[in-house]
Amino acid sequence: MLKTVAAFDRIGEENAFAVLARATQLAAAGRDIINLGIGQPDFRTPDFIVEAAVKALRDGHHGYTPAVGILPLREAVAADLGKRFRVRLSPDEVMIMPGGKPTMYMAIVMFGEPGADILYPDPGFPIYRSMIEYTGARPIPVPIREENGFAFSAEETLRLITPQTRLIIVNSPANPTGGVTPKAEVDRLVAGLERHPDVAIMSDEIYDHMLYDGETHVCLLSYPSIRDRLVLLNGWSKTYAMTGWRLGYAVWPGKLYDYARKLAVNLYSCVNAATQYAGLAALTGPQDECARMVAEFDRRRKIVVAGLSKLPGMSCTTPKGAFYAFPNIKRTGWKSKPLANALLDESGVALIGGPDFGVLGEGFLRVSYANSTENILRALDRMGEFLASRKAA
Ligand code: PLP
């Protein structure tokens, strides 16, 4: 018998990938499947970004780069954050990462160990809890409530801090709820955190461009009092429709930067060179395609919310960010996962059950509107027919 370390038995998963695999399998078997389960834009990466990667390869950029990323790209990230949030940032605080997830992994392994507590949103991105458990730290869920518009509550978060708390994870705009936390609430959280100088914060801002109804993004970098313990997670996956390129960035404070650099050297050496040039083109080139995507998501968001709200037993809070709706299904009589499974098997609509994002996700479904309006309307019709004709299992 191989004797592997126990930590590996504690690693969780992201069920969205399992649903995608099952949906793909059903489609391959000839079923007409509408996928509202996956968290990636249905748009192509803009052509000028693809061309920049091709040119980089033709120009000979096919070797290793510095582990922290090429300087022009780190400069571009610092300039972009500086311009959008009026913060002063050095490129030496920015590290180019192979996607958003590795920042989460690194931050959690830097603070997680047996005896430590890490706070994370529930419902929230499933990898937070998975990685906290992997490290042996205690995962402490911060409830994200529907009645709060799926914003996090500063008071509830602060109340959960104990002397064991090492790291707090926040995410706005949020997956899976589309919730956006208002600036006043973030102000309150930061003011409270000033009383806990030993607690680090990881702010996952990967959906920072996807805001609606006049919301503006609140970047935690703009709070000087926590800058020396703030890890910022962001990247290109969602904003530029680049999920498969694997490109993200982190801002690491103080000695964490060097820890992250060493982890990169040990783990993957550097991010794919051509991809970094694509990221540079994305940040420094025209932003209109990105704005068009957001406008299209906004249009679909309204259709999805209106459609879901009309389904028997469902209600839907209007999400203010990302590209997800998180309808409440409690009055349908169904539990979330049986409903998601039945909708896929019987109606060919792929969605994710709320409990895949935490225990407080029971009674909800995650609906991604990163699909065409036509498909969204077909999916809503099918869901309506299903709920009208089938009794809860
Ligand atoms: N953070 C959140 C909240 C996400 O929803 C996702 C992807 O779904 C990520 C991070 C990971 O992004 P990436 O695909 O760049 O690793």
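The structure presented is a predicted model; accordingly, all values stated were derived computationally and were not measured. Ligands are counted one by one from 1 in listed order, and the atoms in each one are counted from 1 as well. What you see below is based on every heavy atom in this structure, not just the backbone, and it leaves out hydrogens, waters and symmetry mates.
- Looking at W236 against ligand 1, nothing comes within 4.0 Å, counting heavy atoms.
- With 3.5 Å as the limit, one finds no donor-acceptor pair spanning the side chains of S372 and E374.
- With a heavy-atom cut-off of 4.0 Å, N171 touches ligand 1 through its side chain alone.
- Ring geometry for Y212 against Y369 counts as tilted: the plane angle lies between 30° and 60°, on a 0 to 90° scale.
- For the residue pair T373 and R299, a side-chain donor N or O sits within less than 3.5 Å of a side-chain acceptor on the partner.
- Ligand-side atoms of ligand 1 in range of G99: 15 (O), 16 (O), range being under 4.0 angstrom from any heavy atom.
- Side chains of Y120 and R129: a donor-acceptor N/O pair is present below 3.5 angstrom, by distance only.
- For Y324, no nitrogen or oxygen atom sits less than 3.5 Å from a nitrogen or oxygen atom of ligand 1, counting backbone and side chain alike.
- With hydrogens left out, the protein atom closest to atom 6 (C) of ligand 1 is F125 CZ, 3.6 Å, a heavy atom.
- Other residues, nucleotides and ligands contribute over 12 non-hydrogen atoms within 6.0 Å of the CZ atom of F48.
- Using the six-membered ring where Trp is involved, F364 and F326 have ring planes that are parallel, under 30° apart on the 30 and 60° scheme.
- Checked by atom type and distance alone, the side chain of R261 never pairs as donor or acceptor with a backbone atom of V68 at under 3.5 Å.
- Here atom 7 (C) of ligand 1 lies nearest to K238 when heavy atoms of E205, E14, R246, K238 are compared.
- Annotation: atom 13 (P) of ligand 1 to nearest protein heavy atom, G100 N, 3.4 Å.
- Within ligand 1, counting atoms from 1 as listed, the ones closer than 4.0 Å to a heavy atom of Y207 are 3 (C), 4 (C), 5 (O), 8 (O).
- Of the heavy atoms in M104, only side-chain atoms (C-beta onward) come closer than 4.0 Å to ligand 1.
- Counting protein heavy atoms only, atom 15 (O) of ligand 1 is closest to S237 OG, 2.6 Å.
- If you check which protein heavy atom lies closest to atom 12 (O) of ligand 1, you get I206 CD1, 3.7 Å.
- Considering only non-hydrogen atoms, atom 2 (C) of ligand 1 lies nearest to D204 out of I169, L247, D204, T243.
- In this pair, Y249 and W236 present their aromatic rings perpendicular. The plane angle is above 60°, beyond the 30 to 60° band.
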